[in-house]
Amino acid sequence: MLYKDTVILPRTAFPMRANLVQKEADILKNWADTGLYNLIQENRANAPEYIFHDGPPYANEHAHLGTAFNRVLKDMVIRYKILAGYKVHFIPGWDCHGMPIEHAVIKKKGAKSFSTKNQLRQECKKYAEESVDIQRQEFKRLGTFADWDNPYITMSKEYEAKVLEVFKIMVSKGYIYRAKRPVHWCTKCRTALAEAELDYKDFTSPSVYVKFKILSMPDTYILIWTTTPWTLPANVACAINSGFKYNFVKTEKETLIMADSLLPTVVEKLKIKDYKVEKTVLGKELGGIEYKHPFLDRTGKIILSSFVTSESGTGCVHIAPGHGYEDYLASITYNLPILSPVDEKGCFTEEVPELQGKNIFDADKDIIEILTNNGTLMYKEDFQHSYPHCWRCKTPLIFRATPQWFLNMEHNNLRTRCVEEIEKVKWMPEWSKKRIANNIMQRPDWCLSRQRSWGIPIPALYCKACGEAILTTEIIEKAIGLVKINGTDIWFDENTKIDAVCPKCGNKEFKKEEDIFDVWIDSSSSYYAVVKEKLKFPANLYCEAVDQHRCWFQHSLILSMVTEEQSCFKAVLTHGLILDKEGKKMSKSQGNVVQPMEVIKKYGADIVRLYLSGLDYTCDIMFSTDGLETATTAYRKIRNTFKFLLGNLYDYKKALSYEKLWEVDKLMLHKLAVLIENVTKAYEEFEFYKVYHLIHNYCVMELSQFYFDTLKDRLYTHGKSSISRQSAQTVLSETLSALARLIAPILPFTSEEVWGYFNTGSIHLEKLPVVKEEWKNEKLANEYELISEIRDEVLLALEQARANKIIGSGLEATVIIDSKDEKVLSLLRDKMALLPSIFIVSEVIVDRVENMVTFKKLDIKVSLCEYNKCERCWIREKEVGKNNEHPTLCVKCSKVIKEEDYEKEIEKKEPVEG
RNA sequence: GGGCCUGUAGCUCAUUCGGUUAGAGCACUCGGUUGAUAACCGAGAGGUGAGUGGUUCGAUUCCACUCAGGCCCA
């Protein structure tokens, strides 16, 4: 008789090997075919809303690993919120304007191939559109959930018009002003350059030491050092560090002021032999002192600035706010004039009559001559240093102050209101509040204008008669009307005319502003163009990387405070950046860049997602292949857990009521309840790595190592329809149902695959598992806490017996246990009948015998069980061999065979050959 | 140079107010099983808690500095 065939082994088509790459593609197709996104929206039509607003990634070719991580993180939030019963309408976005795209297009096609702005803009648009499509495919492949067919695109005319509306409100409320600011300028291309367009190369500049006469002190000079003599005509101040010590150095002729720490190098260079330090003062004591300009008829004053270093020079820095960024910042603090007597070709203007028309680099030697003649030049040499050049024409660049549009951070107490509003927002992690508050407090006024082509034009006009810059809500209104229909290209079309009257001279002819907006205006207006327009203002959550504290988070907050007088987000979740496995930044030059799609192609999205979910993203994330391998192992464990569950539920009919369940099964429902509660709590806090560890540990420790192992005998050998087997199946079913849903936000593909073998419909239409009150059983849990400790000791004893060749399999063992602890002893006696299945041995006897090994709680003796092995369930039992009908079976098995009427089934089966 | 963050086993994470021998899982080694089988079970080994100093009866935990790394600003 083939008793083996009466054993009910797991049966499922759910494959052990995932073959994720193929499987995920199938599931994606299925989601697309069934229109899952819309099904979910319908399903949650009347549910409370959760507004999660997507920060638009930059539409620049393939998605980076950091972007991929950001998408996955957002997706886990979205999928969790949907699971938790919310309606989440997630509109993805793309940031499409800006310098990097313009840069890439010019690089690809060459600057000469575009004769008009709009030709260049068309090419940029094409580039951005292609990038959006590439990234959309990649984001879909990651299994991320969104309204991919209806994204917001910052270069769409609707969006552009909305940005202009935001600007109109800024103007109408009086936040916008126009002022000069130094920018990197190419004198050959006659254009401003962005940071990314700078090409640093070695360059030789004249290095000069110049003395400025202090007005209030006879024969006393402050000594400065500069490598750009041509900026001296724009000098308005001299900066020193308030914390440094400054010496008054008396030489034969005069007294020179310089930093104490730089004295030795300076006197050596200037070949000053006889000198004496007359006195030493702290920098802050010199603040406000006036000096005479070395060759122009005006004065400047000494100011205090923290950027002055003691690395080179004299510790006294010549300040020309029109020709340096730090100088410019200092000019704001000290309210200094911003002189920039240089035209767009790099020649001096009439503001410097002596040098008018002269190229500034050529003028260096003229200025040196003037300084030499009037005796203010102390020393001169050539100085080689790394200097920015134009990326296109390789000309050395200059800083030149040009008029720009600004947002005034102090208007209507904007800065203070932002800082106060920050307090009302929930920042996760908490330190991010401090970070953004610092940023807002320290930031200068926002320079809104860029001298570029690919962006939204600033709708200002210049009077052709008097040159007056005109920016009014009426003009913006007209621009919005045009843009809504035509997009912003219309602004750059020379045929487009805006009707207006110059308020200064009454003229009606205008030149349109050529500058565009800083791209951060585009993306940071999304609260207005998307949240307010299509969702519900304000958003519940923004979630981006840590660098966005200075960018999107900050700028969105500022704009929202201007237009809505409140924050556009209630909570902000920040994550770290993705670094390589050594914690180094990924960069092409280092060769340590990981392409997300290559990883997906190799491992599948679910494994990548599982890996990412397990990382603590509140700090920087080190991405390693080792980690992916670990995640693969963890994935297999989770997958096999599902396979075991499915395999033992193929014949499951219906749940047993709680009272009828076996004790161990009740225990497992308690543990499942605790798991559900803990996982839900972790999800609520967006602590996905806790979710991962909780679920993985549950699969490994509670299920695989304990429950499943002890359950095998019951599932396989008890009667098909026995209460004991049904009891186990009831709990297995609850476990599968809960586990699949709990992991669904992390493993959207695998959970969907599992659900297909278990239930109907998509798992992503389901809701979080609910803990039934009756499942909670602290008393049982406490008892089993102790039993678990006891089990560990028994397993240790079995291992020793195995090492001593007393037993092989655990089922060969008879375990005799005793305890000196009354509590333990009474528990053992109480649970006597259950112990063999819990220890997975054939026999357990509570007794005291000789040669017991003492453990912490128990004394244990393991011996080879003297009974015969049941052919069917492999348990050794004293009745085996005594039953005439089934001489090789134990009592339990012969009873099962009889009651369940397996006889016919067995006879029907063909005998197996060999 | 400034602001913010990070550093615990090879990997991913724990360690509640500072308190017994710093814990899990994976990976590794050894063993068992062959009825979850490219699976499953058990055991073992693995740590100067980045470093130095301080506060304390006691520090991985609190403080200072240093080192390594990240973001932003200069």
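None of these values were measured; they are calculated from a predicted model. Below, all heavy atoms of this structure are taken into account, side chains as well, without hydrogens, waters or symmetry copies. Numbers restart at 1 for each chain; the letters A, B, ... are given by sequence-line order, proteins then strands.
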With sequence neighbours excluded, what pairs up with A:Arg791 under the salt bridge (Lys or Arg N to Asp or Glu O under 4.0 Å) test? none
Among B:rC4, B:rC13, B:rA43, the nucleotide that comes nearest once only the side chain of A:Glu799 is considered: B:rA43
Per the atom types in the model, does the base of B:rG70 pair as donor or acceptor with the side chain of A:Lys584 at under 3.5 Å? no
Partner nucleotide, any strand, of B:rU61 [Watson-Crick/G-U, under 3.5 Å]: none
Centroid-to-centroid, A:Trp225 to A:His318, below 6.0 Å? no
Under 6.0 Å between ring centres, would you say that holds for A:Tyr757 and A:Phe642? no
When you match A:Leu703 and A:Ser809 each to their closest nucleotide on RNA chain B, which lands nearer the 5' end? A:Ser809
A:Asp518 side chain vs A:Trp520 backbone, donor-acceptor pair below 3.5 Å: yes
Sugar-phosphate, base or nothing in reach of A:Phe644, heavy atoms under 4.0 Å: base
If you measure from the P atom in B:rU29 to the same atom in B:rA22, how many Å do you get, rounded? 26 Å
If B:rA22 has a Watson-Crick or G-U wobble mate with both distances under 3.5 Å, name it; if not, just say none. none
Is the phosphate of B:rC11, meaning OP1 or OP2, less than 4.0 Å from a side-chain N or O of A:Tyr611? no
Within the 4.0 Å heavy-atom criterion, would you say A:Asn648 contacts the bases, only the backbone, or no part of the nucleic acid? nothing
Within the structure shown, what part of the strands sits under 4.0 Å from A:Arg443 by heavy-atom distance: base, sugar-phosphate, or nothing? nothing
With a cut-off of less than 4.0 Å, is there a side-chain N or O of A:Ser704 near OP1 or OP2 of B:rA36? no
Look at A:Lys805 and B:rG31 and indicate whether a side-chain polar atom (N or O) is within less than 4.0 Å of OP1 or OP2. no
Within the structure shown, what part of the strands sits under 4.0 Å from A:Ile840 by heavy-atom distance: base, sugar-phosphate, or nothing? nothing
With rounding to whole Å, what would you report as the distance between B:rC26 and B:rC67 at their C1' atoms? 30 Å
Using only heavy-atom distances, decide whether a donor-acceptor pair under 3.5 angstrom links the side-chain of A:Lys712 to the base of B:rA36. yes
Intermediate values then yes/no, ring-ring contact (aromatic ring centres under 6.0 Å, His included), A:Tyr617 and A:Phe686: CA-CA 10 Å; A:Tyr617 60 80; A:Phe686 304 129; 8.5 Å; no
What's the gap between B:rG19 and B:rU61 when it is taken at their C1' atoms, as a whole Å value? 11 Å
If you find the nucleotide of RNA chain B closest to A:Cys699 and the one closest to A:Glu812, which residue's nucleotide is nearer the 5' end? A:Glu812
Under 4.0 Å, counting only non-hydrogen atoms across every strand here, what does A:Gly647 touch: a base, just sugar-phosphate, or nothing? nothing
Does A:Ser432 reach a base, just sugar-phosphate, or nothing at all? Heavy atoms under 4.0 Å. nothing
Give the ring-plane orientation class for A:Tyr542 versus A:Phe553, where under 30° counts as parallel, over 60° as perpendicular and anything between as tilted. tilted
What is the nucleic acid contact for A:Ile807, judged by heavy atoms within less than 4.0 Å: base, sugar-phosphate only, or nothing? nothing
In terms of ring plane angle, is the pair A:His886 and A:Tyr3 parallel, tilted or perpendicular, where the classes change at 30° and 60°? perpendicular
Heavy atoms under 4.0 Å, any strand shown: does A:Phe708 hit a base, just sugar-phosphate, or nothing? base
Could you list all N or O pairs between the protein and nucleotides 24-28 of chain B that sit under 3.5 Å apart?
{"residue": "B:rG25", "atom": "O4'", "partner": "A:Asn697", "partner atom": "OD1", "Å": "3.4"}
{"residue": "B:rG25", "atom": "O2'", "partner": "A:His696", "partner atom": "ND1", "Å": "3.2"}

Within-4.5 Å side-chain heavy-atom neighbours: A:Val572 and A:Met428: no
Remember a base hit wins even if backbone is also touched, and classify A:Asn438 as base, sugar-phosphate or nothing at under 4.0 Å, heavy atoms. sugar-phosphate
Quick one: closest heavy-atom pair of A:Leu577 and A:Asp620, and the distance? N-OD1, 2.9 Å
Pairs under 3.5 Å (N/O, protein and nucleotides 71-73 of chain B):
{"residue": "B:rC71", "atom": "OP1", "partner": "A:Lys585", "partner atom": "NZ", "Å": "3.4"}
{"residue": "B:rC71", "atom": "O2'", "partner": "A:Arg435", "partner atom": "NH2", "Å": "3.1"}
{"residue": "B:rC71", "atom": "O2", "partner": "A:Arg435", "partner atom": "NH1", "Å": "3.0"}
{"residue": "B:rC71", "atom": "O2", "partner": "A:Arg435", "partner atom": "NH2", "Å": "2.7"}
{"residue": "B:rC72", "atom": "O4'", "partner": "A:Arg435", "partner atom": "NH2", "Å": "3.3"}
{"residue": "B:rC72", "atom": "O2'", "partner": "A:Arg550", "partner atom": "NE", "Å": "2.8"}

Base of B:rA36, side chain of A:Thr641 - is there a donor-acceptor contact under 3.5 Å? no
Base of B:rG35 and ring of A:Trp874 stacked, centres under 5.5 Å, planes under 30°: yes
Determine, for A:Tyr692 and A:Arg609, whether the Lys NZ or Arg CZ falls below 6.0 Å from the six-membered ring centre while staying within 45 degrees of the axis. no
